[in-house]
Amino acid sequence: MATRLSYLDWNASAPVRPEAAAAVAAALAHGGNPSSVHRAGREAKRRLEDARQAVAALAGVRAEEVVFTSGGTEANALALGAFPGRRLIVSAIEHDSVLANAPDAARIPVTPAGVVDLAALEALLAGDDGRPTLVSLMLANNETGAIQPVAEAARLAHAQGALLHCDAIQAAGKQALDRDRLGCDLMTLSAHKLGGPPGIGVLIVRAGLDPAPLLRGGGQERGRRAGTENLPGICGFGAAARAAASGIKSFRALAGLRDAAERRLLAIAPEAVVHAAATPRLPNTLCISMPGVPAATQIMALDLAGVMVSAGSACSSGKVRRSHVLDAMAASERDTESAIRISLGWRSTEAEIDHLVEAWGTLYARTRASAA
Amino acid sequence: MTAAIARRANAAPIYLDYQATTPTDPRVVEAMLPYFTEKFGNPHSLTHAYGREAAAAVEIARNALADLIGAEPREIVFTSGATESNNMALKGAAHFHRQFGKDHLVILATEHKCVLESAHALEREGFRVTILDVERDGLVDLDRLAAALGPQTAIVSVMAAHNEIGVIQPLREIGALCRAREILFHTDAAQAVGKIAFDVNDIGADLASISGHKIYGPKGIGALYLRRRPRARITPLIDGGGQERAMRSGTLPVPLVVGLGKAADIAQAEMQGEEQRLLTLRARFLAGLKSRLPDIVLNGHAERRLPGNLNLSFPGVTAVDLIAACPALALSTGSACTAAEVEPSYVLRALGLGEALAAASLRIGIGRFTTATEIDFAVETIAAAVRRLRAGSGVGVTSAAAGTT
């Protein structure tokens, strides 16, 4: 087996940052239920609110707008069910956690470049059947990295009296985040995608909105999300948010590594296709097809060589599924079946890119040889 | 004694609130930590080694938890905690079974807030909810329960062991009543699992809620036991990537899952011995207090209760004042849920306690790390504080200062 390991699947899950791991370990050592009135409880409450401040600062919002949840999926489920009377409109390239919690929603199509079609959104909003609407649009796509025009979508939505939810899970920590500039009313973040622990996320709720809770009970999170707070997770999220905020500039520099990888892979195989290449993308994400070679074959070969990547998003089955994102972009059958996602993080190195290029190149040469 | 209290002034308070939360066992922390750092894979990324390592760890934990409650591993659905499990069980069962004309739920008046609130939310959707009173000792009357069940009843939810008064309900009998009528039996077992013998087949439970942080595991993780034969069918609460056999979507938090599994392993190995040790400590606590304050009242059934729980009324003092007068002890009045809630417990009121006595009640929870020395210190501290408060020479803390919002 490979002794050299290169983890290039950061959009699935990022390793926990040292600052976050330390905060988690400290909180585990302290204990205390933040809702208890005794001293241990009060101290827990203080650390909870400190973490809330840190997460709020990352998104440019006020602490009281931050509702902690068990992760991005719960936060998305909470957002989409927050206003039961509203009609739902979601983009066709949303994460499963949005699509599955809005099965009857109208879908906004995307262009072949991987960006949501604003004219189509406008038409959907105008075709309103009189009911108030909630639009859900992600800030950056998890598979292609394509940045979506959330601010423009918010303006269109607000002009029609609609609200906008933004799943900012993949963008947070990778680019500066400013809720007010984006203009969204609800926003989802997840800790484990930005170097915090798994099992913790937030829904940011604009002051003045009153979302219906998904989990009812003890009245934690000011009645918006019941359940004993996952304090180690929350503290880890706070520490990761602080580290991510101060690391945005160096994260942007990952584009250099990503672009180098892209150039080198295209040099090996000029017929390879980079998805959403013409679109502003997250600096760390590369979605590329090696035409004619199924994604599962590529992933297995790369895995045997010690390079870890994925095909689209990681979810339940662990199987390689056809990407609904590439389908929505009207990519060809051949390109869709052969697309893999390479995603980098703050620990990624040039040596790992070398490793990727080498393994990918070897596989490419082998498939050409057998085809010949 | 005063000197002893003074010596403790700067020490961490003695923790006597084990039903609110338990300290994470250091062995659990040790098991979890690698999964925060070097073993960080997404367990759903089965295409590479990091993901497979994480997935394997999840299944080991699932086995451990299943073993602890006599279930099959595939009957365990990981959730974010018992609040989510309870919401999922009640709402999920109600929503699924409505299509068969079953629109009725039965719960007890003393259920946890999250069960009551879920039931009220369902009521607003048009479901019918029967909320049964309990007896003075906190136990349900089985005849009354049986009379409440009908052909339209979808689910009965009864807490296995109570978070405030510790009472253990006649679960097997309730299970039999439900099974005979093809009604789902859900039990909020957050306080029971890992503390007392709890076997889903012995009890006949169809759904059971489990919490990590009540059994020396981490916060933010729990589980819902979902019976396969006969199958307990419910509608999921959180959809998405289809994890947990599509019953609960979302990336599994591997470190927390591993922690819960480790906590289950430890409970399995140590539960019996710990139960005996806690019963001895609890008897020492109660005898010590009774000999100093003969008029205290034990709330809830004296024997059919969690080994680590006491709920006591101290006539003539308020719990708020008593807690304030014992800064060296971490005590509570009951459910920790709503921050700083100091209203008399609805649970104690349901047992028939008057407002004054209910407001004079403390929940005392002991557990794995409680020592006999701590018990003796706590007995002296509480007894001295009660005497002081009764003599009117309190420590200057009033109920007004603590607030009753």
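Just so it is clear, the structure is predicted and the values come from calculations on it, not from any experiment. Letters A, B, ... are given to chains in the order of the sequence lines, protein chains preceding strands, and every chain is numbered from 1.
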Exercise for review: Go through A:A100, A:G227, A:P15 and name the one with the most non-hydrogen pairs under 4.5 angstrom from chain B.
Suggested key: A:P15
Check your understanding: After noting the C-alpha distance and the side-chain angles of B:T251 and A:S13, does the key distance pass the side chain to side chain contact (heavy atoms under 4.5 Å, CB included) rule?
Key -> CA-CA 9 Å; B:T251 300; A:S13 197; 5.7 Å; no
**Study point:** Interchain contact, A:V307 with chain B, by part (heavy-atom threshold 4.5 Å)
**Key:** neither
Point to revise | Validation row: A:L215, B:L237 side chains within 4.5 angstrom (heavy atoms) | key: yes
Check your understanding: Which pair of non-hydrogen atoms, one from A:N230 and one from B:K219, has the smallest distance, and what is that distance?
Key -> OD1-O, 3.3 Å
Check your understanding: Contact part of A:M300 toward chain B, heavy-atom cut-off under 4.5 Å: side chain, backbone, both or neither?
Key -> neither
Exercise for review: Could you tell me the separation between the OG atom of B:S45 and the CG atom of A:D9, rounded to the nearest 0.5 Å?
Suggested key: 5.0 Å
**Study point:** Interface moiety of A:L99 toward chain B, non-hydrogen atoms closer than 4.5 Å
**Key:** neither
Review point. Can you say whether B:H120 sits under 4.5 Å from chain A via the side chain, the backbone, both, or neither, judging by heavy atoms?
Key: neither
Check your understanding: Can A:R216 and B:N87 be said to form a side chain to side chain contact (heavy atoms under 4.5 Å, CB included), step by step?
Key -> CA-CA 7 Å; A:R216 295 172 188 271; B:N87 273 259; 3.9 Å; yes
Review point. What part of B:V254 is in contact with chain A, defined as an atom under 4.5 angstrom from a non-hydrogen atom: side chain, backbone, both or neither?
Key: backbone
Review point. Which of parallel (below 30°), tilted (30 to 60°) and perpendicular (above 60°) describes A:Y7 and B:Y50?
Key: parallel
Point to revise | Pairs flagged by side chain to side chain donor-acceptor pair (under 3.5 Å) wherever residues 67-81 of chain A is involved - sequence neighbours left out | key: A:S70-A:E74, A:S70-B:R248, A:E74-A:R225, A:N76-A:S97, A:N76-A:H165, A:N76-A:D167, A:N76-A:T188
Practice item. Starting at CG of A:N11, measure out to CG of B:N42 and round the result to the nearest 0.5 Å. Key: 11.0 Å
Exercise for review: Select one option (side chain, backbone, both, neither) describing which atoms of B:K91 are under 4.5 Å from chain A's heavy atoms.
Suggested key: side chain
Check your understanding: Which region of B:L33, side chain (C-beta onward) or backbone (N, CA, C, O), has a non-hydrogen atom less than 4.5 Å from a non-hydrogen atom of chain A, or is it both or neither?
Key -> side chain
Exercise for review: May I have the step-by-step check of side chain to side chain contact (heavy atoms under 4.5 Å, CB included) for B:I238 and A:L214, ending in yes or no?
Suggested key: CA-CA 9 Å; B:I238 297 175; A:L214 182 67; 3.8 Å; yes
Point to revise | Heavy-atom proximity to chain A below 4.5 Å, by part of B:M32 | key: side chain
Review point. Does atom CD of B:E123 have more than 12 heavy-atom neighbours, drawn from other residues, nucleotides or ligands, at distances under 6.0 Å?
Key: yes
Review point. Which answer fits A:A20, side chain, backbone, both or neither, if we ask what part of it has an atom under 4.5 Å from a heavy atom of chain B?
Key: neither
Check your understanding: Would you call B:H213 and A:L231 a side-chain contact if the rule is heavy atoms closer than 4.5 Å?
Key -> no
Check your understanding: With only heavy atoms counted, which part of A:A21 is less than 4.5 Å from chain B, the side chain, the backbone, both or neither?
Key -> side chain
Review point. So, does B:D239 use its side chain to make a donor-acceptor pair with the main chain of A:N101 at under 3.5 Å?
Key: no
Practice item. Any chance you could measure A:L302, atom CG, to B:H48, atom NE2, to the nearest 0.5 Å? Key: 11.0 Å
